[in-house]
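Please read these numbers as outputs of a predicted model, since none were measured by experiment. Counting starts at 1 for both ligands and their atoms, in listed order.
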Amino acid sequence: MKVKVLGCSGAELPGHRPTSFLLDGKLLFDTGSLTNVLDIKEQFKIKHIFITHSHLDHIMGIPFLAENLIFRKKKYSVNILSISYVVKAISKSLLDGSIWPDFTVIPNIHEGILNLIELRSGQPIKIDDYTITPYPVNHSVPATGYLVEDKRKRRFFYTGDTGPTGSTWVEIGERKIHCLIIDVSFPSGMEKIALETGHLTPRLLRKELLEIKPSPEKIFAIHIKPRYFKTVKSELQKLHIKGLRLLKDGQTIQI
Ligand SMILES: [Zn+2]
Ligand SMILES: [Zn+2]
């Protein structure tokens, strides 16, 4: 599996794009960066978008993608998939027709450009050669991470935004996570605010990793707040954790 990092930052600033990961050019995880990164041909290849939670920095690409797709001559639709709370929030607050057209009923009520699909935690869905399973994580709103497995049984887990989330690792069980893409938003000195807002720090990450057995092969820290980037980077380096790296926008990960 090849995962292209469209964005992996915890905020938007020049040189820092919000989170979005494109698997093998066709499956997208979150949409913090989308139409500002992919050209129109690349946008047309996306058929399924998995959303971790309803915060704007993870859903904001959806309306702009829909607008680009509506002018495509061929009949076309994109599935937006997530847990019930997230699907309802997108429907009620993002695509309710008040701040942008409701592309779930455009071009007509029976065939919308966007289909909203509810997933159940712990229940896998198969798309092409991938098995994708949502597992709840611990954020300030209901949120899910995604375990993605290919036919060779290679796996990655993308947490989206999360604080300490021990039960997630219990649910995943002993399946090897070859690549863990995990929230480390704040420096360790801001642990209180991290816990209050449902995020991790380097110190909390270290604790979290002790709960994941077997240990992930590679660990990528994401969603760092740009203001604290240098501090978080140096704190992560000091942890000396095998396989732990920072991700950069535009990078491709091979799993
Ligand atoms: Zn969030
Ligand atoms: Zn976020």
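Between Glu217 and Arg154 there is a salt bridge, since at least one side-chain N of the basic residue sits less than 4.0 Å from a carboxylate O of the acidic one.
Among the atoms of His53, no N, O or S atom falls under 2.8 Å of the Zn ion (ligand 2). Taking backbone and side-chain atoms together, His55 has an N/O/S atom less than 2.8 Å away from the Zn ion (ligand 1). Residue contact annotation: Asp161 places an N/O/S atom under 2.8 Å from the Zn ion (ligand 1). Taking 2.8 Å as the criterion, His139 counts as a coordinating residue of the Zn ion (ligand 1), since one of its N, O or S atoms falls below it.
Side chain to side chain, Ser234 and Lys230 fail the donor-acceptor criterion of an N or O pair below 3.5 Å. Between the side chains of Glu235 and Ser188, at least one donor-acceptor pair of N or O atoms lies under 3.5 Å. In this structure, a donor-acceptor pair under 3.5 Å is present between the side chains of Asp57 and His223.
Taking the Zn ion (ligand 2) as the corner point, the angle from His58 atom NE2 to Asp57 atom OD2 is about 90° (rounded to 10 degrees).
Nearest to the Zn ion (ligand 2), among the N, O or S atoms that His223 has, is NE2.
Below 30°, between 30° and 60°, or above 60°: for Phe186 and Tyr228 the angle between ring planes is between 30° and 60°, a tilted geometry.
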